[in-house]
Structure formats: structure tokens, C-alpha cells
Protein chains: 2
Amino acid sequence: MGKLVTEMLKGTLEGIVLAILSGRPAYGYEITAWLRDQGFSDIAEGTIYALLVRIEQRGLVDVEKVPSEKGPPRKVYSLNAQGREYLEEFWTTWSFLAGRLEQLREGGK
Amino acid sequence: MGKLVTEMLKGTLEGIVLAILSGRPAYGYEITAWLRDQGFSDIAEGTIYALLVRIEQRGLVDVEKVPSEKGPPRKVYSLNAQGREYLEEFWTTWSFLAGRLEQLREGGK
DNA sequence: TTCAGCTATTCGGCGTTGCTAGGTACTGGT
DNA sequence: ACCAGTACCTAGCAACGCCGAATAGCTGAA
């Protein structure tokens with residue numbers, strides 16, 4: 001992909017990460033690897049870490065430092081109540097946008 | 001809506017406008033009004049004009065100045081071949097992203 | 001023992017994007 | 001003369017994701 005997906009990720013990447021965390025707690029390195037696996041080949045590591053800091057500061061996640069056998073300690077993030085609430089809002093907004101886009105795509109044929 | 005949708009629009013608004021233009025030529029003021037009508041209540045006029053300038057400079061649209069009875073002349077934009085090609089790419093990227101989000105949403109239940 | 005390579009996180013500077021807030025200009029009605 | 005509606009443009013700002021580099025711990029091969 002490239003620039004197109006980069007710009008589209010603005011605003012959605014946050015929701016993606018929150019959605020991941022809604023399923024299970026996770027840490028940055030793990031999330032990055034998983035996203036790459038899912039086809040988000042060009043997501044920068046630094047982007048994820050910065051995002052995690054942001055959502056932590058906004059109080060959407062809880063953090064726990066967990067030692068790792070294979071390297072430095074991990075910062076494991078888990079979605080809290082406020083985070084779940086915010087994720088709901090995200091899905092609402094996403095649905096709105098996706099709906100409009102869907103309509104436009106139909107109309108354009 | 002608010003900040004959430006603003007961030008999500010980054011990258012998608014361009015596609016939205018191109019999709020509109022793929023159906024029919026249009027000018028800025030008209031596009032803004034139509035978007036507001038479609039529920040994008042907080043899209044700023046300046047945003048659309050700036051976007052139109054950008055896609056013109058990238059050669060995705062052709063422009064024609066058309067006199068108006070009710071004000072200054074309109075700048076009517078129409079999608080050209082390069083624009084259609086780019087719009088295809090946009091839809092591909094969008095589909096990818098929407099697919100991943102859909103999966104995440106399912107999984108999160 | 002050393003050094004490469006994987007794990008794991010952090011930081012500063014950059015480009016793109018949308019918003020804010022203001023301005024310009026033309027027309028028609030009061 | 002004035003104001004509302006039409007139509008466009010601009011400068012400065014904030015947020016986000018990317019790039020490049022640095023730091024730090026652990027393991028296994030040379």
C-alpha cells in the first residue's frame with residue numbers, strides 16, 4: 001500500500017488498537033507484530049508506542065509492567081471501563097463513515 | 001460528532017470528494033453543502049477548497065470556470081482518467097481497511 | 001568472549017491533513 | 001445603503017503517522 005493507507009489510518013489506528021485490547025491485554029511489540037501479520041505491513045513501531053502513550057494519558061487503558069524472558073520488561077495494556085466506552089463511540093463514528101462511503105460506492109457505478 | 005470523525009476524515013475525505021466527482025462534475029460550495037446534508041455537519045468550507053486545490057495540482061481533476069447568476073464564478077471540477085485510476089486505488093485501500101475493522105468488530109463480541 | 005540478532009521501548013523532527021477564523025467578491029431584495 | 005446568500009481563498013494551528021536513531025536486556029553462534 002503506501003501513502004493512501006497511512007493517511008486513512010489517522011484516526012482509525014487508535015480504534016484498531018483499542019479493539020485489539022478489548023479482546024485481550026497486550027503490549028506494544030506484540031501489537032505491532034500482530035498488525036504486520038494482518039497485512040498492515042508498513043505500520044511503524046514508533047507509531048504504536050506513541051499511540052499507546054496517548055491512550056494511556058487519556059485514561060482509556062490500564063498498564064502493568066511484566067518481566068519478559070526474552071528482553072526488557074513489557075508494558076502490558078488492558079482496556080478499562082472508560083476505554084470500552086470510548087471504543088463504543090469509535091464504532092458509532094466508524095459505522096457512520098463506512099455507511100456513507102458504501103453509499104457513495106454504490107452510487108458511483 | 002466531533003474530534004473522532006475529524007481524525008477519521010483524514011485520508012478518507014479525499015476519497016469521498018473524488019467519489020462524488022466520479023458521479024458528476026461539481027464545485028466547492030456545492031460539495032460542501034451536499035456533505036453537510038449527508039450528515040457531515042462539521043466539515044469546514046476551507047477544508048474542501050484546500051482539498052480541491054490539492055487534487056487539482058496532482059492532476060486528478062479538470063477544472064472549468066463557469067459563471068453563476070447568484071455570485072462569483074464557480075470552479076467546476078470533474079474527475080479525469082488519472083483521477084479515476086486513483087479512485088480505484090482508494091477503494092482498494094478502503095476495502096482492505098474496512099475488512100480488517102469488520103473482523104475486529106466481530107472478534108470483539 | 002565477543003558480537004550479531006531478536007526482544008522491547010522511547011524520542012525528536014518531519015510531512016500531510018482537517019479545523020479555525022478571517023477576508024474577498026458578486027448578486028438581489030428591503 | 002445594507003444585508004443575506006452565493007462562491008472562493010488564505011494563514012496559522014493541532015493531531016496523527018512515519019522516519020531514523022538510540023537504549024537496553026537476553027540468547028546463541030563464532
Side-chain angles (χ1 to χ4, degrees), chain A residues 1-18 25-37 40-58 60-61 63-77 90 93 97, chain B residues 1-18 25-37 40-58 60-61 63-77 90 93 97:
Chain A
M1 305 272 151
K3 257 190 63 185
L4 257 172
V5 85
T6 289
E7 288 307 321
M8 271 191 224
L9 279 176
K10 294 188 180 177
T12 49
L13 185 56
E14 184 177 282
I16 289 172
V17 169
L18 291 176
Y27 56 97
Y29 190 82
E30 187 187 8
I31 294 173
T32 306
W34 187 83
L35 286 173
R36 295 238 167 100
D37 227 51
F40 293 99
S41 45
D42 44 4
I43 284 190
E45 275 204 281
T47 298
I48 298 298
Y49 287 114
L51 194 159
L52 289 171
V53 167
R54 243 154 35 214
I55 62 179
E56 180 188 354
Q57 281 169 352
R58 278 200 259 149
L60 306 178
V61 289
V63 192
E64 197 191 352
K65 214 160 213 167
V66 177
S68 160
E69 313 90 25
K70 298 191 162 187
R74 299 165 174 164
K75 283 181 73 177
V76 176
Y77 295 82
F90 170 80
T93 304
L97 192 59
Chain B
M1 306 269 150
K3 258 190 64 184
L4 256 173
V5 84
T6 290
E7 287 308 320
M8 272 190 222
L9 279 176
K10 294 188 180 176
T12 49
L13 184 56
E14 183 176 284
I16 290 172
V17 169
L18 292 176
Y27 55 99
Y29 190 81
E30 187 187 7
I31 294 173
T32 305
W34 187 83
L35 286 172
R36 296 237 167 100
D37 226 51
F40 293 99
S41 46
D42 45 3
I43 284 191
E45 271 204 285
T47 298
I48 298 298
Y49 287 115
L51 194 160
L52 289 170
V53 167
R54 254 182 284 146
I55 61 179
E56 179 189 354
Q57 280 169 351
R58 278 201 260 147
L60 306 178
V61 288
V63 192
E64 198 191 352
K65 214 160 214 168
V66 177
S68 158
E69 314 90 25
K70 298 190 162 189
R74 299 164 175 166
K75 282 182 74 177
V76 175
Y77 295 82
F90 169 81
T93 304
L97 191 59

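Residue numbers begin at 1 in each chain, while the letters A, B, ... track the order of the sequences.
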Using a cutoff of under 3.5 Å, can you pull out all pairs of nitrogen or oxygen atoms linking the protein to nucleotides 23-30 of chain C, with atom names and distances?
unit_1	atom_1	unit_2	atom_2	d
C:dT27	O3'	B:Glu69	O	3.4

Could you work out which one of [options] sits closest to the side chain of [X]?
{"X": "B:Glu7", "options": "C:dT16, D:dA15, D:dC18", "value": "D:dA15"}
{"X": "A:Thr6", "options": "D:dC18, C:dG15, C:dT9", "value": "D:dC18"}
{"X": "A:Leu13", "options": "D:dT6, D:dG17, D:dA15", "value": "D:dG17"}

Nearest whole Å is fine: how far is [N] [atom2] from [X] [atom1]?
{"X": "B:Lys65", "N": "D:dA7", "atom1": "NZ", "atom2": "P", "result": "14 Å"}
{"X": "A:Asp42", "N": "C:dT16", "atom1": "CG", "atom2": "P", "result": "16 Å"}
{"X": "B:Ile48", "N": "D:dT6", "atom1": "CD1", "atom2": "P", "result": "17 Å"}
{"X": "B:Met8", "N": "C:dC19", "atom1": "CE", "atom2": "P", "result": "13 Å"}
{"X": "B:Ile31", "N": "D:dT6", "atom1": "CD1", "atom2": "P", "result": "16 Å"}
{"X": "B:Leu4", "N": "C:dT17", "atom1": "CG", "atom2": "P", "result": "20 Å"}
{"X": "B:Glu56", "N": "D:dC8", "atom1": "CD", "atom2": "P", "result": "12 Å"}
{"X": "A:Leu9", "N": "D:dC18", "atom1": "CG", "atom2": "C1'", "result": "11 Å"}

Distance check: side-chain N/O of [X] vs OP1/OP2 of [N], anything under 4.0 Å?
{"X": "B:Tyr49", "N": "D:dC8", "value": "yes"}
{"X": "A:Arg54", "N": "D:dC16", "value": "yes"}
{"X": "A:Thr47", "N": "D:dC18", "value": "yes"}
{"X": "A:Arg74", "N": "D:dG25", "value": "no"}
{"X": "B:Tyr29", "N": "D:dC8", "value": "no"}

What does A:Gly46 touch in the nucleic acid at a heavy-atom separation under 4.0 angstrom: a base, only the sugar-phosphate, or nothing? base
Are any of the side-chain heavy atoms of B:Tyr77 and B:Glu56 separated by less than 4.5 Å? yes
